[in-house]
Peer 1: 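My questions will all concern the structure given below.
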Amino acid sequence: MMIKIYFAIILVYLISGCSTKEPAVTEYKLSQKILKHSNVFQGCRDKSLKVSQAFSSSSLMSPQMNYVLDSYKIYTYSQAQWNNSLNKEISSQIVKAIREAKVFKNTQNSKSRSKSDFILEINIEDFMQYYNKSLDKSHVNAEINFTLIDSITNKVIATKTFKAREEATSLDASGGVKALDSALANILDQGLDFLNEVCR
């Protein structure tokens, strides 16, 4: 009799354990915004460009989505993550923006085996959502450095850091992603103007 009761208890435990579901994790991606620039780019139209994979801290090289509390405490969202590592996603967005703006004769990513006149190195200094201590306000900071290099001489032609800050529309991961989208679009606009000016 005791053995039957023992097995019944184990069976109930197993069934209840199997019915427990892990909380759903929402994946986010950056969307390509329509850029605000209205310039007709002519500076580098006879040159080719290769965009290197972006350099970044290790926290931006995985799908986990982090945020900062009270300026210095870093946490990770438990039910939200990126669908791709941010350094790869931002690199892809930059390639696409330069191609669509037709700043160069052709623009290739780091995997291309073709030769190019210039190499664009990208360094992501900051790309994060920030909460104040009382958790009633949130904003994002984006800071990305562009360095244009002559691929023949390996000399730095020009370098510049672009910054953008956007208020989050909601106090959650979704609000942070939307604000980061806008901040990146701002930086891309600045970056396109920079590349056009460098080649004049």
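Computed over heavy atoms, backbone and side chain alike; hydrogens, waters and symmetry mates excluded.
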Peer 1: Using a 3.5 Å distance criterion without hydrogens, assess whether the side chain of Gln129 forms a donor-acceptor pair with backbone atoms of Asp172.
Peer 2: yes
Peer 1: Of all the heavy-atom pairs spanning Ala80 and Ala173, show the shortest one and how long it is.
Peer 2: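 That closest heavy-atom pairing would be CB-CB, 3.7 Å.
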Peer 1: Write down the atom of Tyr131, the atom of Leu135, and the distance for their closest heavy-atom approach.
Peer 2: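 Heavy atoms of Tyr131 and Leu135 come nearest at CB-CD2, 3.8 Å.
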Peer 1: For residues Leu180 and Asn141, report the shortest heavy-atom separation together with the two atoms involved.
Peer 2: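 Closest approach of Leu180 to Asn141: CD2-O, 4.4 Å.
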Peer 1: Is the backbone of Ala54 close enough, under 3.5 Å, to the side chain of Ser91 for a donor and an acceptor to pair up by distance?
Peer 2: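 Yes; judged by distance alone, with no hydrogens or angles, the pair exists.
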Peer 1: Closer than 3.5 angstrom, by distance alone: can the side chain of Asn132 be matched with the main-chain N or O of Asp136 as a donor-acceptor pair?
Peer 2: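 Checking the backbone N and O of Asp136 against the side chain of Asn132, a donor-acceptor pair under 3.5 Å is found.
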Peer 1: Going hydrophobic residue to hydrophobic residue with side-chain gaps under 4.5 angstrom, can you get from Tyr77 over to Leu60?
Peer 2: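 Yes, it is one cluster - the side chains of Tyr77 and Leu60 are joined through contacts under 4.5 Å.
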Peer 1: Please find out if less than 6.0 Å separates the ring center of Tyr130 from that of Tyr67.
Peer 2: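 Ring centres of Tyr67 and Tyr130 not closer than 6.0 Å.
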Peer 1: Would you say Ile157 ends up clustered with Ile98 if hydrophobic residues are merged whenever their side chains have heavy atoms under 4.5 Å apart, either directly or through other cluster members?
Peer 2: yes
Peer 1: Check whether any side-chain heavy atom of Tyr28 sits under 4.5 Å from a side-chain heavy atom of Gln81, and report yes or no.
Peer 2: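 A side-chain contact under 4.5 Å is absent here.
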Peer 1: Decide whether Phe55 and Val156 are clustered together by the hydrophobic rule: side chain heavy atoms of Ile, Leu, Val, Met, Phe, Trp, Tyr closer than 4.5 Å, transitively.
Peer 2: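 No: no chain of side-chain contacts under 4.5 Å links Phe55 to Val156.
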Peer 1: What are the two closest non-hydrogen atoms of Asn66 and Ile74, and how far apart are they?
Peer 2: CB-CG2, 4.1 Å
Peer 1: Keeping Gln93 on the side-chain end and Leu30 on the backbone end, is there a donor-acceptor pair under 3.5 Å?
Peer 2: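 Yes, because the side chain of Gln93 sits within donor-acceptor range (under 3.5 Å) of the backbone of Leu30.
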Peer 1: Heavy atoms only: give me the nearest Phe146-Gly191 pair and the separation to one decimal.
Peer 2: CE2-CA, 3.7 Å
Peer 1: Would you say that Ile122 contacts Asn145 through its side chain, given a criterion of any heavy-atom pair below 4.5 Å between the two side chains?
Peer 2: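 In short, these two side chains do not touch, never coming nearer than 4.5 Å.
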Peer 1: Answer yes if Val68 and Leu86 sit in the same cluster of Ile, Leu, Val, Met, Phe, Trp and Tyr residues linked by side chain heavy atoms under 4.5 Å apart, and no otherwise.
Peer 2: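 No, Val68 and Leu86 fall in different hydrophobic clusters.
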Peer 1: Membership question, hydrophobic clusters at under 4.5 Å side-chain separation (ILVMFWY): are Leu192 and Leu184 in the same one?
Peer 2: yes
Peer 1: Would you say Ser151's side chain and Ser116's backbone share a donor-acceptor pair under 3.5 angstrom?
Peer 2: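 Yes, because the side chain of Ser151 sits within donor-acceptor range (under 3.5 Å) of the backbone of Ser116.
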Peer 1: Taking the side chain from Arg99 and the backbone from Thr107, do they hold a donor-acceptor pair closer than 3.5 Å?
Peer 2: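 At least one qualifying donor-acceptor pair exists.
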Peer 1: Are Phe194 and Phe162 close enough that their ring centers fall under 6.0 Å?
Peer 2: yes
